[in-house]
Amino acid sequence: MRLFKLAFGLIYRHMLLHAALIIQMTAVFLILANIVSTICLNLYSGNMMKNIFTQDFYRLEVLTERFLRVSTGGMTDISEIEAFDPEKVRGELKGDPVFCNEYVYPAFFADGRCLDLIFQDERLIKNTNFLLRGTANIEASEKEEGVIRIITAGGNYKTGDSLRGYIEVEDKTVECEFKVAGTLKKPYSYLSATNSAVSLSASVIAEELMPGQAIAFLDDMPDVTLKSANDYSGFCIYHVFFDDSLTSKEKAGNLATLQKYGSVTSAKEIEENTKKEISIWLEKKLPSLIFAAVIAVSGLSAVSLINISGNMNTFSLYCLSGCTKKRLYAIILVYILFIVSVSFIPAIGVLLISGFFRRLAAAFVFINHYTFITLGITALTLILIPVLFSLFAFRRKPLRAMILDYKKQ
Amino acid sequence: MIELKNIYKTYNLGQPNAVVALNDVSLKIEEGEFIAIIGKSGAGKSTLMHILACVEDYEKGEYLFDDQPVSKLSESKKAKLRNKSIGTVFQDYSLIETFSAGENTELPLMFTRCSKKERKQRAENALREVGISKLYDQNALKLSGGQRQRAAIARAMIIKPRIILADEPTGALDSETSKQIMQLLTRINKTGAAVVIITHEKEISDYCNRKIVISDGRIVSDTLNEK
Ligand SMILES: Nc1ncnc2c1ncn2[C@@H]1O[C@H](COP(=O)(O)OP(=O)(O)OP(=O)(O)O)[C@@H](O)[C@H]1O
Ligand SMILES: [Mg+2]
């Protein structure tokens, strides 16, 4: 407290200067958090798809009538577009392919909780490299008769939990038993069939699972419920795995079939786009990351150095009053620590708030421990370098010089 | 209490612009003395004061404080000496402008284990003794010249030092205020602290019991004041 008071003597004199510095550093922290988290998100999404990249996986984005009507304002002659019937398309494909959209139905549990279940094909789920809590092993989990396996986000469910309840599909309800096959760690990512972009990359496909949602195994679904489940408002996206036993010619045929119904992106293309995206980010954002750090460090160093030489009289009085050099360094440290932490707090605040309002977070920042580690390292650098500078400035000044400096003023 | 033995001090030693500031200065100061150091500008008075305050080093000679050679003390021991035994007051008031008069007075206690309450108590007492007890919360910038000097003296005496060093404490004050400050220093001296002041003015030196005249870095006379 005493050190703080002595250190605050330095800030007080240049309130506006320090306010400006603090705003600058807060901005730098946020820029850093944004850049680091985006790079992390890309790397993480790519990692989530790493098994899929090695397989005959395709993503089919079907152009539905309804989509075309909406997006062209009714200008397209929709009679020319073949009506899309997934069962029919599936039948046209050779071998035994996975041809799967995702289906969302609410599940209500006996204890009053409920979740929106996103049903996905077993092959997609087992090949997604989920970030799981504990030692849950999704790949090894096996179907049990009458049990729907689910993967949840957040801490309300534990792996191995058994829940009774029912699913609601349109007007019907189906009683079921649910079993938690795994719970996700932050950022609760999964591969969704809802997003699209001109260049499809892993980070486009990856989506954040909300705490009120869960992934469920489509194969565990009781048959009756699925029949009328094909209602889409926009894109209709299918995840397709070709049968591994097909010849390359048959695979090419399958691909041609898919291309009749919409745009198809292969795992290879997605992988390349993902790599490109990461390298573009590194290329474009790494320099600004470094510059942001340099600006912050040099700004703080300059201000603390100016402040120290401008406050020589204060320091010389501290010394004449019995302050040791060590104490003096401690005061400088507290001073710099104060500025850095005051700018750190709003930055962390913004990050936490944007993490709380997840939608905003998705647009702005993806927080994970790397973000915080980077921020921590930056904060440390921000503290250390100006402190070293200041120590250097002091070391060359004998006490007498400090007093004389002051008397000259 | 204090003994200087054959002190030599040269600024910029070994360089073409070397200045001999003190030349073979020997001096003894006993407890409770009241000494004036007089001399022309550039004679070496401030240099002597800085050496006494342990903020200046010297190339030859010995400085004994209580028979202990100061040159052998570590940086932190010297800081402790300044913190406990030596109070300093300078011509230019030397207050920290962002602090109040009271906080300025407390400053030496900030570097001790003294509690906040005790610090405040003692600062109030010290300010009362110098006659500005009402100005505890007044910002240093808003004090008059005389009030600032009083606050500086309060700070020097708050640690109950054995010696107070004052470099031209009245240099920037009008004669009436100077007189009051000297009376104050005389009173402090009566309570037992030795006081050493530097001055140009004869009337000021008349308050003291002993006069030391310095010229060109040498002590040319050291006489007791007969009153
Ligand atoms: N830091 C320094 N570097 C070089 N020379 C110095 C320095 N400080 C003082 N001097 C020189 O040493 C000599 C003695 O200086 P000092 O400050 O002790 O004089 P003084 O008696 O206090 O003078 P004044 O009455 O003007 O304050 C002067 O010639 C001065 O120019
Ligand atoms: Mg002088």
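The chains referred to below are lettered A, B, ... by the order of the sequence lines, with proteins before strands, and numbering in each begins at 1. Only heavy atoms go into these numbers, but all of them, side chains included; no hydrogens, no water, no symmetry mates.
- In this structure, Tyr318(A) and Phe111(B) approach most closely via the heavy-atom pair O-CE1, 3.6 Å.
- Only the side chain of Thr88(B) comes within contact range of chain A, with at least one heavy atom under 4.5 Å from a heavy atom of that chain.
- More than 12 heavy-atom neighbours from other residues, nucleotides or ligands sit within 6.0 angstrom of NZ on Lys84(B).
- Within the 4.5 angstrom heavy-atom criterion, only backbone atoms of Leu109(B) (N, CA, C, O) approach chain A.
- For the options Ile159(B), Leu107(B), Thr112(B), Asn104(B), heavy-atom pairs under 4.5 Å to chain A are most numerous at Leu107(B).
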### Task
Tell me, with the steps shown, if Ser321(A) and Arg155(B) meet side chain to side chain contact (heavy atoms under 4.5 Å, CB included).
CA-CA 9 Å; Ser321(A) 300; Arg155(B) 181 180 62 215; 4.1 Å; yes
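- Considering all non-hydrogen atoms of both residues, Arg82(B) and Cys323(A) come closest at NH2-O, 4.4 Å.
- Atom CD1 of Ile96(B) is separated from atom CG of Leu6(A) by 7.5 Å, given to the nearest 0.5 angstrom.
- Looking at every heavy atom in both residues, Thr324(A) comes nearest to Ala79(B) through CG2-CB, 3.4 Å.
- In this structure, CG on Leu317(A) lies 10.0 Å from CD on Glu97(B), to the nearest 0.5 angstrom.
- Heavy-atom neighbours of Phe65(B) CZ from other residues, nucleotides or ligands within 6.0 Å: above the threshold of 12.
- When the shell of 6.0 Å around CG of Asp67(B) is examined, it contains 12 or fewer heavy atoms from other residues, nucleotides or ligands.
- When the shell of 6.0 Å around CG of Asp216(B) is examined, it contains 12 or fewer heavy atoms from other residues, nucleotides or ligands.
- Atom NZ in Lys116(B) sits 8.0 Å away from atom NZ in Lys5(A) (nearest 0.5 Å).
- If you take CG on Leu95(B) and OG1 on Thr314(A), they are separated by 11.0 Å, rounding to the nearest 0.5 Å.
- The number of heavy-atom neighbours closer than 6.0 Å to CD1 of Ile290(A), taken from other residues, nucleotides and ligands shown, is above 12.
- One distance of note links CD of Glu75(B) with SG of Cys319(A); it measures 7.5 Å at 0.5 Å rounding.
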